[in-house]
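To start, the structure under review is shown below, and the notes come after it.
Predicted model only: the values in this text are computed from it and were never measured.
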Amino acid sequence: QLQLVESGGGLAQPGESLRLSCAVSGSTFDYYHIGWFRRAPGEEREGVSCVSSSGGIKYYAHSVKGRFTISRDNAKKTVYLEMNSLKSEDTAIYYCAAMSRGSGLTAQDMCLMSGRYATDYWGQGTQVTVSS
């Protein structure tokens, strides 16, 4: 069992930065791929960025590539999402989630499937609002 808690959301102006954190407690952290997902009002959930259990493979959605950076600190059991050059279209509730590497799926799979399969653990979400 894992418990995931997001923090770091808030209000930012276009062009500013925010850093989200996902603190994980419970089972073996480094056995899980971790992903960041978001859901904007009236939109489907989308995979923003996902990182493999080892941290060696990272996937980014096209809409955030070059602006967002995912990282994980296995010693601290925490995954970060550094969000730079924020745009109004980044406004959403952001969730982190975990998928066991035993699923046979990759971190990229996790993101591309928007967390619909084999993603068993979710945080409660944190609101990010980008507005002038």
For this session: Check step by step if side-chain contact (heavy atoms from CB on, under 4.5 Å) holds for E46 and R38.
Result: CA-CA 6 Å; E46 68 166 329; R38 67 186 181 188; 2.6 Å; yes
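- The line from CZ of R45 to OH of Y95 is 8.5 Å long, rounded to the nearest 0.5 Å.
- For the pair V51 and W36, the minimum side-chain heavy-atom distance is 4.5 Å or more.
- At least one donor-acceptor pair closer than 3.5 Å links the side chain of T119 to the backbone N or O of Y117.
- By the 4.0 Å N-to-carboxylate-O rule, D30 lies too far from K77 to be salt-bridged with it.
- In this structure, T106 contributes its side chain and D109 its backbone to a donor-acceptor pair below 3.5 Å.
- Among residues at least two apart or in separate chains, salt bridge (charged side-chain N to carboxylate O under 4.0 Å, His left out) pairs with a member in residues 112-127 are E44-R116.
- A donor-acceptor pair under 3.5 Å links the side-chain atoms of T78 to the main chain of K76, judged by distance alone.
- Panel note: side chain K58, backbone I70; a donor-acceptor pair is recorded below 3.5 Å.
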Between D90 and R67, is the side-chain contact (heavy atoms from CB on, under 4.5 Å) condition met? List the steps. CA-CA 11 Å; D90 295 319; R67 299 188 297 122; 2.8 Å; yes
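- In terms of modelled atom types and a separation under 3.5 Å, the side chain of H33 and the main chain of M99 share no donor-acceptor contact.
- Within the 4.5 Å cutoff, no side-chain heavy atoms of L4 are placed close to those of W122.
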Note to self: I'd like to know whether N74 forms a side-chain contact (heavy atoms from CB on, under 4.5 Å) with R72, so could you lay out the CA-CA distance, the side-chain angles of the two residues, the decisive distance to 0.1 Å, and finally the verdict.
What the structure shows: CA-CA 6 Å; N74 282 4; R72 67 186 289 161; 2.7 Å; yes
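- Once rounded to the nearest 0.5 Å, the distance linking OH of Y60 with NZ of K65 reads 9.5 Å.
- Atom CZ of residue F37 and atom CD1 of residue I93 lie 15.0 Å apart, to the nearest 0.5 angstrom.
- Expressed to the nearest 0.5 Å, how far CG of L105 lies from SG of C50 amounts to 11.5 Å.
- Separation of atoms OG (S49) and CD (Q108) is listed at 11.0 Å; rounding is to 0.5 Å.
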Sequence neighbours left out, cut at 3.5 Å: what donor-acceptor pairs do the side chains of residues 15-24 make with other protein atoms?
from: E16; atom 1: OE1; to: Q13; atom 2: N; distance (Å): 2.9
from: S17; atom 1: OG; to: N84; atom 2: OD1; distance (Å): 2.8

